[in-house]
Amino acid sequence: MKQSVEKRKPSGIADHVSLALATWGVGYIPGAPGTYGSAVAVAIYLGIDSWVIARGFGGASIHAIISVSLLIFCLIGIWASGRSIPMLGNEDPHSAVVDEIMGQFITFCFIPFGRGWPFILAGFLLFRLFDIWKPYPIDSLQSLPGGIGICADDIIAGVYAGICLAVGYAVTLLI
């Protein structure tokens, strides 16, 4: 279990930006901030999905753009979550939800755009399952230092959920 750290107030623009990126605002809502973060990712994914479908994009170019964008988002998220640790007062603060957002995005990378609500709902539920359950080696990744420790478990949970989602999608193609 991650330890509490001495909490400090944000000072300067970089602190405020890192808090905004780490929490996405929904991290402060009481209850289930990880689920709220995943829901934000679903909403963003639906917007991107609609945009891609409406413009008829497809093929390798859109996947390359999405992959590079996801890599940049993950690197920024790791930075933001790591920098926010002292301001949120914990080495793995519940209010930092950028890790759930990146894990949820990774899950959806395993299926093509335009697959509809059943796959979006399945991807959401699968990611939440793996994020909460934390099968090997997900749980042990949380011991990594800083932002990588906050994000690595959700990245791998996203991969696990994405593999399950891809298998489900492949099965539907066979039916």
Can you name the nearest heavy-atom pair linking [X] to [Y], along with the distance?
{"X": "P86", "Y": "V5", "value": "CA-CG2, 4.1 Å"}
{"X": "S81", "Y": "S84", "value": "O-OG, 2.9 Å"}
{"X": "L19", "Y": "P10", "value": "CD1-CG, 3.8 Å"}
{"X": "G147", "Y": "I85", "value": "N-CD1, 4.4 Å"}

Please report the C-alpha distance between T107 and L165 in whole Å, then the side-chain angles of each, then the deciding distance to 0.1 Å, and finally whether the side chain to side chain contact (heavy atoms under 4.5 Å, CB included) criterion is met.
CA-CA 8 Å; T107 300; L165 190 62; 4.1 Å; yes
Mind checking side chain to side chain donor-acceptor pair (under 3.5 Å) for R115 and listing every partner two or more places apart, or none if nothing turns up?
none
Residues which pass side chain to side chain donor-acceptor pair (under 3.5 Å) with T35, listed by chain and number, not counting sequence neighbours
R128
Going by side chain to side chain donor-acceptor pair (under 3.5 Å), name the pairs with one or both residues in [range], residues two or more places apart or in two chains.
{"range": "residues 16-27", "value": "none"}
{"range": "residues 147-158", "value": "K134-D153"}
{"range": "residues 66-77", "value": "none"}

Run the side chain to side chain contact (heavy atoms under 4.5 Å, CB included) test against P33 and tell me which residues pass, sequence neighbours left out.
H94, V97
Across all chains, not counting sequence neighbours, the side chain to side chain contact (heavy atoms under 4.5 Å, CB included) partners of V159 are I106, F110, I163
Got a second to check how far [X]'s [atom1] is from [Y]'s [atom2], nearest 0.5 Å?
{"X": "Q104", "Y": "S38", "atom1": "CD", "atom2": "OG", "answer": "4.5 Å"}
{"X": "C151", "Y": "L144", "atom1": "SG", "atom2": "CG", "answer": "11.0 Å"}
{"X": "I155", "Y": "C74", "atom1": "CD1", "atom2": "SG", "answer": "4.5 Å"}
{"X": "I78", "Y": "I150", "atom1": "CD1", "atom2": "CD1", "answer": "10.0 Å"}
{"X": "D131", "Y": "I156", "atom1": "CG", "atom2": "CD1", "answer": "12.0 Å"}
{"X": "S143", "Y": "L141", "atom1": "OG", "atom2": "CG", "answer": "7.0 Å"}

Do [X] and [Y] have side chains that approach each other closer than 4.5 Å (heavy atoms only, starting at C-beta)?
{"X": "N90", "Y": "D92", "answer": "yes"}
{"X": "F108", "Y": "I120", "answer": "yes"}
{"X": "K7", "Y": "M87", "answer": "no"}

According to the salt bridge (Lys or Arg N to Asp or Glu O under 4.0 Å) rule, which pairs have a member within residues 20-34, sequence neighbours left out?
none
Please, which pairs that meet salt bridge (Lys or Arg N to Asp or Glu O under 4.0 Å) have at least one residue in residues 102-111, sequence neighbours excluded?
none
With clusters defined by side-chain heavy atoms of hydrophobic residues (ILVMFWY) lying less than 4.5 Å apart, directly or transitively, does [Y] cluster with [X]?
{"X": "W117", "Y": "F124", "result": "yes"}
{"X": "I132", "Y": "F105", "result": "no"}
{"X": "L70", "Y": "W51", "result": "yes"}
{"X": "L21", "Y": "I148", "result": "no"}
{"X": "F73", "Y": "V42", "result": "yes"}

Applying ring-ring contact (aromatic ring centres under 6.0 Å, His included) to Y28 and not counting sequence neighbours gives none
Sequence neighbours excluded, every pair satisfying ring pair (Phe, Tyr, Trp, His ring centres under 6.0 Å) that has a member inside residues 141-175:
F119-Y169, F130-Y160
Go through the steps for R8 and D15 under the test side chain to side chain contact (heavy atoms under 4.5 Å, CB included), then give the verdict.
CA-CA 11 Å; R8 68 171 177 82; D15 281 354; 2.7 Å; yes
Working for side chain to side chain contact (heavy atoms under 4.5 Å, CB included), residues E100 and Y36
CA-CA 9 Å; E100 276 82 11; Y36 305 146; over 6 Å; no
Verify the ring-centre separation between F113 and Y45: is it less than 6.0 angstrom?
yes
Should side-chain heavy atoms under 4.5 Å link Ile, Leu, Val, Met, Phe, Trp and Tyr, which residues sit in the same cluster as L75?
L71
